[in-house]
Trainee: 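Just passing along the structure, written as structure tokens.
Sequential numbering from 1 along the given sequence is applied to the chain's residues. If you're wondering where the values come from, they're calculated on a predicted model, not measured in any experiment.
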Amino acid sequence: MPFLFLLFLAVPVAEIAIFIQVDSLIGLWPTLGGIVLTAVIGAALVRAQGLAALGRAQAQIERNAVPINEVFTAACLLIAGAMLLTPGFLTDTIGFLLLIPGLRNSIGRGMLGLLKRGGRYTTFTAGPAGPGGPGFRGPYGRGGGVIDGEYETVDPGQPEKPHGKPANDSDPDAPTSLPRKDGPAS
């Protein structure tokens with residue numbers, strides 16, 4: 001918590017100091033023009049890279065692959081867009097750095113390494129459910145199958161009743177007939 005507080009305090013102070021320095025070098029209007037220009041260029045770049053990442057993610061989903069890299073890219077582009085639209089040269093620099101794919105990939109690999117070392121990373125793969133169908137495999141192997149069905153409690157002392165007919169007429173929840181495999185029950 002103190003780190004975030006210091007960050008929210010330090011960034012605006014640094015931006016103001018940079019504004020003063022740039023203003024003394026090139027003047028007020030060129031400084032303001034530079035801020036607006038970086039926001040416009042940054043927004044166009046974020047939009048183009050975001051649409052490309054979306055297309056790659058959709059292609060991976062169509063191939064039944066999990067688009068992890070594209071999700072990370074989208075998160076980086078979201079942060080980059082926020083940084084580029086925030087007035088300031090320091091935030092614009094961070095935003096433009098996040099638009100560089102190689103740097104973004106290096107950050108992603110570093111974060112993944114930190115997660116793996118911290119024990120907070122697990123993998124999963126989608127695969128066949130049951131024998132040969134779609135399903136989920138967690139970090140501990142294949143999960144148990146789920147079978148949807150109905151059951152009926154049978155009392156060995158009671159005579160058997162015809163399948164689908166209620167044992168007594170006072171049970172409102174008992175089915176009156178069950179559908180047959182070759183069509184609806186009559």
Trainee: First locate atom CD1 of Ile68, then atom CG of Leu112, and finally report the distance between them rounded to the nearest 0.5 Å.
Mentor: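 Ile68 CD1 to Leu112 CG: 9.5 Å, rounded to 0.5 Å.
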Trainee: Under a single-linkage definition using a 4.5 Å side-chain heavy-atom cutoff for Ile, Leu, Val, Met, Phe, Trp and Tyr, are Leu54 and Ile61 assigned to the same hydrophobic cluster?
Mentor: no
Trainee: Just do the side-chain contact (heavy atoms from CB on, under 4.5 Å) check on Leu98 and Leu84 with the steps written out, would you?
Mentor: CA-CA 10 Å; Leu98 285 173; Leu84 288 165; over 6 Å; no
Trainee: If you take all heavy atoms of Gly95 and Ala80, which pair is closest and at what distance?
Mentor: O-CB, 3.5 Å
Trainee: Please check if any side-chain donor atom of Gln49 sits under 3.5 Å from a side-chain acceptor atom of Arg104, or the reverse.
Mentor: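 Short answer, yes.
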Trainee: Work out which heavy atom in Ile35 is nearest to a heavy atom in Gly88; give both atom names and the distance.
Mentor: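 Looks like CG2-N, 4.3 Å.
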Trainee: Can you hop from Ile94 to Leu103 via hydrophobic side chains spaced under 4.5 Å?
Mentor: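 Yes; tracing contacts between hydrophobic side chains, which count when under 4.5 Å, links both residues.
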Trainee: Is there a side-chain contact between Arg56 and Thr73, using heavy atoms and a 4.5 Å cut-off?
Mentor: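 Yes - at least one pair of side-chain heavy atoms lies under 4.5 Å apart.
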Trainee: Give a yes or no on whether the backbone of Thr91 and the side-chain of Thr86 come within a donor-acceptor separation of less than 3.5 Å.
Mentor: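 Checking the backbone N and O of Thr91 against the side chain of Thr86, no donor-acceptor pair under 3.5 Å is found.
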Trainee: Please round to the nearest 0.5 Å and tell me the distance separating atom CZ of Arg109 and atom CG of Leu114.
Mentor: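 It is 13.5 Å, given to the nearest 0.5 Å.
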Trainee: Atom CE of Met111 and atom SG of Cys76: how far apart are they, to the nearest 0.5 Å?
Mentor: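 Rounded to the nearest 0.5 Å, the CE-SG separation comes to 7.5 Å.
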Trainee: Would you check if Thr31 and Leu25 make a side-chain contact, meaning some heavy-atom pair closer than 4.5 Å?
Mentor: no
Trainee: Look up atom CD1 in Ile26 and atom CG in Leu32, then write down how far apart they are to the nearest 0.5 Å.
Mentor: 9.0 Å
Trainee: State plainly whether one hydrophobic cluster holds both Ile107 and Met83, where clusters connect Ile, Leu, Val, Met, Phe, Trp and Tyr through side-chain heavy atoms under 4.5 angstrom apart.
Mentor: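 Ile107 clusters together with Met83.
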Trainee: Please, which pairs that meet side chain to side chain donor-acceptor pair (under 3.5 Å) have at least one residue in residues 35-46, sequence neighbours excluded?
Mentor: Thr38-Asp92
Trainee: In terms of hydrophobic clustering (I, L, V, M, F, W, Y; side-chain heavy atoms under 4.5 Å; direct or indirect links), are Ile20 and Phe89 co-clustered?
Mentor: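 As far as the 4.5 Å side-chain criterion goes, Phe89 and Ile20 are not connected within one cluster.
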Trainee: Within a strict 4.5 Å, meaning less than it, do heavy atoms of the Leu85 and Val46 side chains meet?
Mentor: no
Trainee: Heavy atoms, side chains only, cut-off 4.5 Å: are Leu97 and Ile100 in contact?
Mentor: yes
Trainee: Kindly indicate whether the side chain of Phe96, heavy atoms from C-beta on, has any atom under 4.5 Å from the side chain of Leu45.
Mentor: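 Counting from C-beta outward, Phe96 and Leu45 do come under 4.5 Å.
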